[in-house]
There are 2 protein chains.
Amino acid sequence: MNENIDSQTMVKILKALANPIRLKMIALLHKEPKNVYALAKEMELPYPLAHLHLNGLKKLGLVKEVKTEQKAKGLPTIKYYAPSEFTFILTPENIRKLYVKNKGERNG
Amino acid sequence: MNENIDSQTMVKILKALANPIRLKMIALLHKEPKNVYALAKEMELPYPLAHLHLNGLKKLGLVKEVKTEQKAKGLPTIKYYAPSEFTFILTPENIRKLYVKNKGERNG
DNA sequence: GAGATATGTAATATTTTTCTTATATATAAA
DNA sequence: TTTATATATAAGAAAAATATTACATATCTC
């Protein structure tokens, strides 16, 4: 799956994705990077709610700021987000591996 | 990812896996099929809680009954569970596909 | 000036999830 | 006869997640 991720982190990532709003956000941002305001409009959500959900994804590194734009001085910088290029392969075997502690394996 | 699964079902599956107890259950059952009582003891959980969590996984088809055993007549049948052989590949692209409605594509 | 654009946060309220306690059944072992 | 084995469910309590409302800032268009 993903390099040395532990079970607690995996639970956090799964929790982040296990929500209809956040999952759809990933889908929409993958189609085209968007700012929170545009995302909120498109999804018909109040801005603070959209901001809250996108923030959760951002904190876990599932989405990233990919571009900024300032239309005029004084106006807030518009921030465009896109999903990061994650790949999580969920199988019983991979889930089991999350609990096999990885004692810092390295070459050298 | 997985044959014609829709976003709502995916959210349910992710919710089921996005819990430390349920995720560990999958890991433990993958190592070796177990009954709920044994699982509860091993995880140091009260039986009703273990039963509750395993039931959630069972309802979604993430774990299955693989063997039953009755030690004596009158005694309850011991039910052994193991994870089903699921594979969910989580990528932004696969998540996007969840929202592209699949108009019953078939051959013939 | 009102409404739309655009950001962000805090406080509260609501809803959902999770956990505990209690109930019920039945046998074997100590 | 108490404890351990083994199942299952329901009710209520506690905790966490989710959603709303309000606030603060700033410009542009109508």
Side-chain angles (χ1 to χ4, degrees), chain A residues 7-8 11-26 28-29 32-60 62-82, chain B residues 7-8 11-26 28-29 32-60 62-82:
Chain A
S7 69
Q8 288 162 59
V11 167
K12 281 182 193 167
I13 288 167
L14 291 171
K15 265 197 178 129
L17 298 175
N19 174 282
I21 291 177
R22 291 190 293 267
L23 200 68
K24 183 144 203 186
M25 278 183 167
I26 301 246
L28 292 175
L29 293 176
E32 185 185 18
K34 286 174 176 66
N35 59 321
V36 185
Y37 185 80
L39 205 51
K41 260 202 312 180
E42 188 172 350
M43 295 180 74
E44 298 182 72
L45 297 174
Y47 172 81
L49 185 59
H51 182 271
L52 202 84
H53 282 294
L54 191 109
N55 229 247
L57 293 170
K58 202 171 72 177
K59 274 178 185 162
L60 280 169
L62 295 171
V63 302
K64 280 176 183 170
E65 209 181 285
V66 288
K67 194 180 70 174
T68 56
E69 190 182 1
Q70 192 165 25
K71 290 189 177 166
K73 19 79 205 161
L75 253 165
T77 305
I78 303 173
K79 298 177 180 174
Y80 292 85
Y81 296 94
Chain B
S7 68
Q8 288 163 59
V11 167
K12 280 182 195 168
I13 288 167
L14 290 171
K15 265 197 178 132
L17 298 175
N19 175 282
I21 291 176
R22 290 190 294 266
L23 200 68
K24 184 145 202 185
M25 278 182 167
I26 301 245
L28 293 175
L29 294 176
E32 185 185 17
K34 285 173 175 66
N35 59 320
V36 184
Y37 184 80
L39 205 51
K41 259 203 309 180
E42 187 171 349
M43 296 180 72
E44 298 182 71
L45 297 173
Y47 172 82
L49 184 59
H51 182 269
L52 204 83
H53 281 295
L54 191 110
N55 229 247
L57 293 169
K58 201 171 73 177
K59 275 178 185 162
L60 280 167
L62 294 171
V63 302
K64 280 176 183 169
E65 210 181 284
V66 288
K67 195 180 71 175
T68 56
E69 191 183 2
Q70 191 165 26
K71 290 189 177 165
K73 18 83 206 155
L75 254 165
T77 305
I78 304 174
K79 297 176 181 176
Y80 293 86
Y81 296 94

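The chains referred to below are lettered A, B, ... by the order of the sequence lines, with proteins before strands, and numbering in each begins at 1.
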Taking atom [atom2] of [N] as reference, at what distance in whole Å does atom [atom1] of [X] sit?
X	N	atom1	atom2	result
B/His51	C/dC19	NE2	C1'	15 Å
B/Lys59	D/dT9	NZ	C1'	11 Å
B/Leu54	C/dT18	CG	P	14 Å
A/His53	D/dA17	NE2	C1'	9 Å
B/Leu49	C/dC19	CG	P	5 Å
A/Asn55	C/dT9	CG	C1'	10 Å

Inset, instruction - Mind grabbing the angle between the end helix axes of the helix from C/dG1-D/dC30 to C/dA30-D/dT1? Five pairs an end, 10° rounding. - result: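 One end's axis against the other's: 30°.
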Inset, instruction - Report the residue (B/Tyr81 or A/Pro46) whose heavy-atom-nearest nucleotide on DNA chain D is the more 5′ of the two. - result: B/Tyr81
side-chain contact (heavy atoms from CB on, under 4.5 Å) involving [X] - partner list, sequence neighbours excluded:
X	answer
B/Pro46	B/Pro48, B/Leu49
B/Glu69	B/Lys71, B/Ile78, B/Tyr80
B/Ala40	B/Ala50
A/Ala38	A/Asn35

Inset, instruction - Have a look at A/Ile78 and say if it touches a base, only the backbone sugar-phosphate, or nothing, with a 4.0 Å heavy-atom cut-off. - result: sugar-phosphate
Inset, instruction - Enter the distance from A/Asn55:CG to A/Tyr81:OH here, rounded to the nearest 0.5 Å. - result: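 Going from the CG atom of A/Asn55 to the OH atom of A/Tyr81 covers 7.0 Å.
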Inset, instruction - Output every pair passing side-chain hydrogen bond (donor to acceptor under 3.5 Å, both in side chains) with a member in residues 37-47 of chain B, not counting sequence neighbours, ordered by first then second residue. - result: none
Detail all sub-3.5 Å separations between protein N/O atoms and N/O atoms belonging to nucleotides 23-25 of chain C.
none

Polar pairs (N or O, both sides) under 3.5 Å between protein and nucleotides 11-13 of chain C?
none

Inset, instruction - Step through the shown structure and confirm whether more than 12 heavy atoms of other residues, nucleotides or ligands are within 6.0 Å of CD on A/Gln8. - result: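 Open.
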Inset, instruction - Output the residues of residues 34-43 of chain B in contact with DNA chain D, where contact means a heavy atom of the residue under 4.0 Å from an atom of the strand; sort by number or write none. - result: B/Asn35, B/Val36, B/Tyr37, B/Lys41
Inset, instruction - Output the residues of residues 11-26 of chain A in contact with DNA chain D, where contact means a heavy atom of the residue under 4.0 Å from an atom of the strand; sort by number or write none. - result: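 Within residues 11-26 of chain A, the residues near DNA chain D are A/Lys15, A/Asn19, A/Ile21, A/Arg22.
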Inset, instruction - Begin from the C-alpha positions of B/Leu54 and B/Leu29 and carry the test side-chain contact (heavy atoms from CB on, under 4.5 Å) through to its verdict. - result: CA-CA 10 Å; B/Leu54 191 110; B/Leu29 294 176; 3.7 Å; yes
Output a table of donor-acceptor pairs, distance under 3.5 Å, between side-chain atoms of residues 14-26 of chain A and any protein atom two or more places apart or on a different chain; print 'none' if there are none.
{"unit_1": "A/Asn19", "atom_1": "OD1", "unit_2": "A/Ile21", "atom_2": "N", "d": "2.9"}
{"unit_1": "A/Asn19", "atom_1": "OD1", "unit_2": "A/Arg22", "atom_2": "N", "d": "3.1"}
{"unit_1": "A/Arg22", "atom_1": "NE", "unit_2": "A/Ala16", "atom_2": "O", "d": "2.7"}
{"unit_1": "A/Arg22", "atom_1": "NH1", "unit_2": "A/His53", "atom_2": "ND1", "d": "3.0"}
{"unit_1": "A/Arg22", "atom_1": "NH2", "unit_2": "A/Lys15", "atom_2": "O", "d": "3.1"}

Legend entry - Qualifying residues under salt bridge (charged side-chain N to carboxylate O under 4.0 Å, His left out), relative to B/Glu32, sequence neighbours excluded: B/Lys34
Inset, instruction - Compare the aromatic ring of A/Tyr47 with the six-membered base ring of C/dT5 and state whether they stack according to the 5.5 Å and 30° rule. - result: no
